[in-house]
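Following: one structure in structure tokens, then a few remarks.
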Amino acid sequence: MNKNNSSRGRQAGKNSNPRSRKQFTKKSKPQTSQKTSKEDSGIRLNKFISNSGICSRREADTFIEHGSVTVNGKLITEMGYKVQPDDEVRFDGTLISIEQKRYVLLNKPKNYITTMEDDRGRKTVMDLIANATKERIYPVGRLDRNTTGLLLFTNDGELAKKLTHPKHNVRKLYHASLDKKLTLSDLDKLRGDVVIEGKKVFIDAVSYVEGEKKTEVGIEIHSGRNRIVRKIFDHFGYHVTKLDRVIFAGLTKKNLPRGRWRELTQQEINNLKML
């Protein structure tokens, strides 16, 4: 009896030991999936260029394809190329690096043009935000010389592209002062189909400014066409004497005097990126 029990015990022991060794071997295999190769690390080249403030990521793809970018002296045209922390990246021969993203809101006054520089010596919006940041920032969209109000500056190419593309329906609300009272019949026409220069203009909302004369009109659009608000009223026989952008992408002029600028809050930045 003891002998049989002993035999069964020995047999059980023989069967269990290999299983234990097999299980142990499985667990002790190196987990290669946790290893990260150099190819898997770094940042994609198009994102690196976008983060440097030069252009959007999509535009960067075009520049890469056309041979505008070198990494460590080597011409790179590969779309998925990864940039490592110690790489030297040059765009059209100029060394570039990732900039900290900056977002500056200006309440633009009259008689400033929306351009980086002017060969005729006129005042530009860049004069007003010259001391805002050490990074090179750019205006998002345009306001003509005589139009006042909100103008955003940033070196975030991706966001700038998003805010200026009509498909994102970025809200822009203007306060227009007209040379004569806007009639009710013309107000109704503005709420219908309006065609300017052969193209339909999408007017999201239009109304008299509450508490003001009928010469004061609020108009909301998301079109980015040049001088479009002035052209809309010209089309109906009205001349815009003053034009002020009071809301842009949810940003307002609250506590921002004419000619002054301020940096966006983190919450405002988050809101813009969720548009």
Side-chain angles (χ1 to χ4, degrees), residues 105-128 138-153 160-254 256-259 275:
L105 186 66
L106 170 72
N107 187 353
K108 176 188 171 297
K110 285 182 66 173
N111 297 321
Y112 284 82
I113 59 174
T114 306
T115 185
M116 297 298 292
E117 55 187 22
D118 183 60
D119 55 8
R120 294 166 57 184
R122 293 174 296 179
K123 295 181 291 187
T124 78
V125 291
M126 303 309 296
D127 298 330
L128 298 168
Y138 306 84
V140 177
R142 301 177 66 87
L143 289 178
D144 65 51
R145 184 175 183 178
N146 292 322
T147 299
T148 60
L150 295 176
L151 187 61
L152 180 66
F153 297 77
K161 187 81 172 180
K162 179 179 180 180
L163 293 177
T164 52
H165 201 292
K167 76 175 182 180
H168 294 291
N169 296 327
V170 173
R171 184 188 183 201
K172 291 176 280 189
L173 178 63
Y174 294 83
H175 178 172
S177 298
L178 308 179
D179 61 338
K180 57 185 176 182
K181 293 180 180 179
L182 178 67
T183 67
L184 280 172
S185 61
D186 284 338
L187 181 62
D188 288 337
K189 291 176 185 177
L190 287 167
R191 290 170 174 164
D193 291 338
V194 178
V195 178
I196 305 294
E197 298 173 341
K199 294 182 180 179
K200 184 176 179 179
V201 178
F202 294 94
I203 300 174
D204 302 307
V206 60
S207 65
Y208 298 118
V209 175
E210 187 176 354
E212 299 286 345
K213 298 177 181 178
K214 296 296 189 289
T215 56
E216 308 303 309
V217 181
I219 181 168
E220 182 180 332
I221 61 170
H222 59 267
S223 171
R225 290 166 62 182
N226 188 36
R227 298 175 62 86
I228 191 61
V229 175
R230 295 181 186 276
K231 290 177 180 179
I232 289 170
F233 287 107
D234 283 345
H235 180 73
F236 289 96
Y238 298 87
H239 175 67
V240 176
T241 58
K242 292 181 182 178
L243 188 61
D244 188 37
R245 184 153 71 186
V246 295
I247 294 178
F248 176 72
L251 303 170
T252 72
K253 299 193 300 176
K254 183 179 179 181
L256 187 61
R258 186 88 72 217
L275 289 174

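Source: prediction; values computed, not measured.
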Look at atom CG of Asp193 and say whether more than 12 heavy atoms of other residues, nucleotides or ligands are closer to it than 6.0 Å. no
Between Thr147 and Arg230, is a side-chain hydrogen bond (donor to acceptor under 3.5 Å, both in side chains) present by the stated rule, with each step listed? CA-CA 10 Å; Thr147 299; Arg230 295 181 186 276; 3.2 Å; yes
Test side-chain hydrogen bond (donor to acceptor under 3.5 Å, both in side chains) on His222 and Asp204 and set out the steps. CA-CA 7 Å; His222 59 267; Asp204 302 307; 3.0 Å; yes
Validate the cation-pi geometry between Lys123 and Tyr112: distance from NZ or CZ to the six-membered ring centre under 6.0 Å, angle to the ring axis within 45°. yes
In a check of side chain to side chain contact (heavy atoms under 4.5 Å, CB included) between Tyr238 and each of Thr215, Val217, Asp179, which one passes? Asp179
Within the distance-only criterion (no hydrogens, no angle test), does the side chain of Arg142 pair as donor or acceptor with the backbone N or O of Thr114 below 3.5 angstrom? yes
Tell me, with the steps shown, if Asp186 and Thr183 meet side-chain hydrogen bond (donor to acceptor under 3.5 Å, both in side chains). CA-CA 5 Å; Asp186 284 338; Thr183 67; 3.2 Å; yes
Taking Ser185's backbone N and O only, do any of them form a donor-acceptor pair with Asp188's side chain (distance below 3.5 Å, no angle check)? no
Could you check if a side-chain atom of Ile219 sits within less than 4.5 angstrom of a side-chain atom of Ile203, using non-hydrogen atoms only? yes
Run the numbers on Ile221 and Ile228 for side chain to side chain contact (heavy atoms under 4.5 Å, CB included), then give the verdict. CA-CA 9 Å; Ile221 61 170; Ile228 191 61; 3.4 Å; yes
Lys189 to Phe236, cation-pi by 6.0 Å centre distance and 45° axis angle: no
Answer yes when Arg171 and Glu220 have at least one side-chain N-carboxylate O distance shorter than 4.0 Å, and no when they do not. yes
Pair listing, salt bridge (charged side-chain N to carboxylate O under 4.0 Å, His left out) test, anchored in residues 238-247, at least two apart: Asp244-Lys253, Asp244-Arg258
Please lay out, stage by stage, how Arg225 and Ile196 fare under the test side chain to side chain contact (heavy atoms under 4.5 Å, CB included). CA-CA 10 Å; Arg225 290 166 62 182; Ile196 305 294; 3.9 Å; yes
Taking the side chain from Lys108 and the backbone from Asp144, do they hold a donor-acceptor pair closer than 3.5 Å? yes
